[in-house]
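Please read the structure below before turning to the comments.
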Amino acid sequence: MPPRISETEAVALVATSPLLDAEWYAAQAGRAFGSRVEAAEHWVRERPEGASPHPLFEPAWLYPRGRWARRAPDPLSFWLADDAERQRSPHPLVDLDVTGPLEDWLAEHDPAELLRTPLERDHSSPVTVVVDVHDLPRAVHWARHLARTPDVGGRLVTTDAAATRILTAVTAGLPTVHVVAEAEQHGPGPATVHVHGRVRPPRWPWVEDLVAALDADGVGAAVPLLLHPDHSVAGPVLVGQPVADVERAAHLPLPPDVDPPVRATRGRPGATVLVTTSRLVTGADLPEGADEAWWRAAGFAAPGRPLTVREGRRALRWSIDIAAPATPRGQRWGDWHFARSLAAALERQGQWVAIDHPETRGRASRDLDDVTLVLRGLDRVTPPARTANLLWVISHPELVTPAELATYDAAFAASATWAARHGIEPLLQCTDPTRFHPDVARREGPPALFVGNSRGELRASVAAAERTGLDLTVIGQGWPGHVPVAADHVANDELGSCYASAGIVLNDHWADMREQGFVSNRVFDVLATGARLLSDDVAGLADALGEAAGAVRVWRTDEEFRALTTGDPDELWPDAAARRRTAERVVAEHSFDARAATLLARASALVDSRP
């Protein structure tokens with residue numbers, strides 16, 4: 001470690017740097033200086049608390065924990081003396097990639113170019129978010145987050161002079177965010193969200209659902225679900241548990257002694273409710289909160305004591321482990337929807353189920369689980385030692401080795417041929433009959449429909465449509481500009497109706513999935529609605545579907561594709577009555593409830609056999 005900078009060295013560095021603005025500093029020190037050296041000496045030896053030497057050098061932003069104190073008598077000399085430190089921006093409005101070395105930039109520029117003239121304040125937002133400023137860098141992040149949040153006005157509350165100066169500069173160009181000494185008090189009507197500064201601004205929407213909860217009868221306050229960085233629950237109740245436990249109990253009002261760090265109100269009395277779809281992250285541990293009713297609804301007789309009987313049936317605690325991230329973007333992954341449907345089916349059979357993600361695999365509360373079920377995606381997962389461990393290979397079979405299969409108590413594959421090759425049990429993919437069934441609403445739909453993301457390539461069905469001139473409606477993300485995309489997504493609850501309303505629905509598979517007989521869940525979803533399905537040829541498709549295979553038409557060449565997409569669908573596919581019978585058979589034989597029953601039987605036997 002380099003030697004500590006002496007006061008004499010520090011004064012010399014500061015006095016010769018353009019990052020000492022003597023007039024700026026004198027205003028904070030409350031006195032005049034006869035020279036730059038005198039100002040530098042005062043800064044190094046006596047600077048007032050919260051002071052800064054220049055409008056574009058903010059120690060409270062750059063070094064919120066005072067890291068400079070180990071090496072120098074002041075933060076500016078520490079920054080000036082170290083080339084690596086000079087690569088760090090000393091102010092939230094300074095982008096060194098744009099300015100280059102800041103001292104060189106100041107030779108030709110005025111700081112006012114970055115410290116913008118404040119805009120006229122906008123007070124028209126229907127929702128006000130009030131943030132108590134305790135951590136200055138976090139407050140800057142809150143300011144920028146609130147400026148991007150629709151229909152929200154921000155209030156950053158601080159009486160600290162340095163924080164006020166910095167935040168006023170940061171919000172100069174953010175007309176909906178104000179820096180105030182105290183929050184205004186509103187009467188009934190406008191929605192106000194109070195946020196303690198230790199809570200982090202998220203990278204996803206959270207305000208709309210929170211405020212909407214205030215419209216329900218009898219609700220006086222709404223509280224978001226707070227998460228630890230590992231996305232286990234940080235509060236206000238059931239601290240440390242998986243999100244599923246809180247979701248299961250969230251119909252209950254919050255206990256009266258809970259004091260959450262975020263609360264939305266309209267200034268009227270009523271119960272305080274938890275809004276699990278509104279989520280924020282905090283690095284701080286909150287006090288344990290939850291009364292007996294909350295713990296029982298979550299599946300516990302008391303903290304750490306899971307209930308083993310639910311609705312008269314034996315209840316195991318399950319973790320369904322998936323590769324999708326825990327953040328809201330993970331909800332765009334197919335395995336997230338798959339896991340949600342499977343969890344609901346297991347819960348209908350009396351089980352307690354949580355979904356784990358890469359971020360949550362290390363949560364301490366997994367020690368209370370009885371079963372770990374890994375839905376094998378892109379990640380290889382090391383199963384816990386103390387649970388019964390199941391693996392279900394539903395995609396990317398090329399990544400799975402015999403050694404990995406051997407680490408599980410039981411393994412299944414969504415392909416009969418691949419399962420036989422590896423000596424494990426086949427367990428095909430399936431459909432969720434709560435959303436895909438023959439009675440879904442039908443409306444006027446396109447003659448040919450493909451729903452799916454590009455995955456960085458021109459999918460086989462879409463490419464065939466281009467080559468043969470088919471007028472195809474595509475819904476999905478990531479497609480090149482020449483593909484006519486009607487929408488980038490469709491709500492999962494509306495997907496069944498989209499399938500049922502189309503003339504024909506196209507489906508295809510990854511090459512390795514097709515060759516190794518992994519029939520996608522989209523096949524079962526489309527057939528369950530009674531729609532006409534056109535798919536690429538998957539090994540073992542007829543055997544997998546049994547009698548239902550008659551409702552699928554398969555193409556292998558462009559000629560076959562053209563013939564099936566230009567002919568009369570009523571002549572090429574079974575009639576509506578036959579397709580309905582197929583849909584009813586798929587719902588009965590290939591539902592998540594049927595798969596859950598198979599998994600539950602195996603898991604129960606494994607749990608019983610463990611020492």
Are any side-chain N or O atoms of [X] and backbone N or O atoms of [Y], one a donor and one an acceptor, separated by less than 3.5 Å?
{"X": "R138", "Y": "R198", "value": "yes"}
{"X": "R268", "Y": "G220", "value": "no"}
{"X": "H178", "Y": "V180", "value": "no"}
{"X": "D83", "Y": "R86", "value": "no"}
{"X": "S17", "Y": "L13", "value": "no"}

Handout entry: Ion pair check, R67 and E85, cut-off under 4.0 Å
Key =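 Answer for the salt bridge query: yes.
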Problem - Residues D367, R317: salt bridge by 4.0 Å N-O rule - result: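 Salt bridge flag = no for R317 with D367.
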Exercise for the section: Please work out whether the ring planes of F57 and W79 are parallel, tilted or perpendicular, with thresholds of 30° and 60°. Expected result: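 Answer is perpendicular, since the angle exceeds 60°.
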Exercise for the section: Please work out which of the three classes, parallel, tilted or perpendicular, describes the rings of H145 and W142, given edges at 30° and 60°. Expected result: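 Geometry flag for H145 against W142: perpendicular rings.
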Could you verify whether a donor N or O on one side chain and an acceptor N or O on the other, from [X] and [Y], lie under 3.5 Å apart?
{"X": "D74", "Y": "W43", "value": "yes"}
{"X": "R366", "Y": "S319", "value": "yes"}
{"X": "D209", "Y": "T277", "value": "yes"}
{"X": "H42", "Y": "Y25", "value": "yes"}
{"X": "T360", "Y": "D230", "value": "no"}
{"X": "W24", "Y": "S52", "value": "yes"}

Problem - Pair R45-E38, salt bridge (Lys or Arg N to Asp or Glu O under 4.0 Å): steps then yes or no - result: CA-CA 11 Å; R45 296 167 181 159; E38 186 179 345; over 6 Å; no
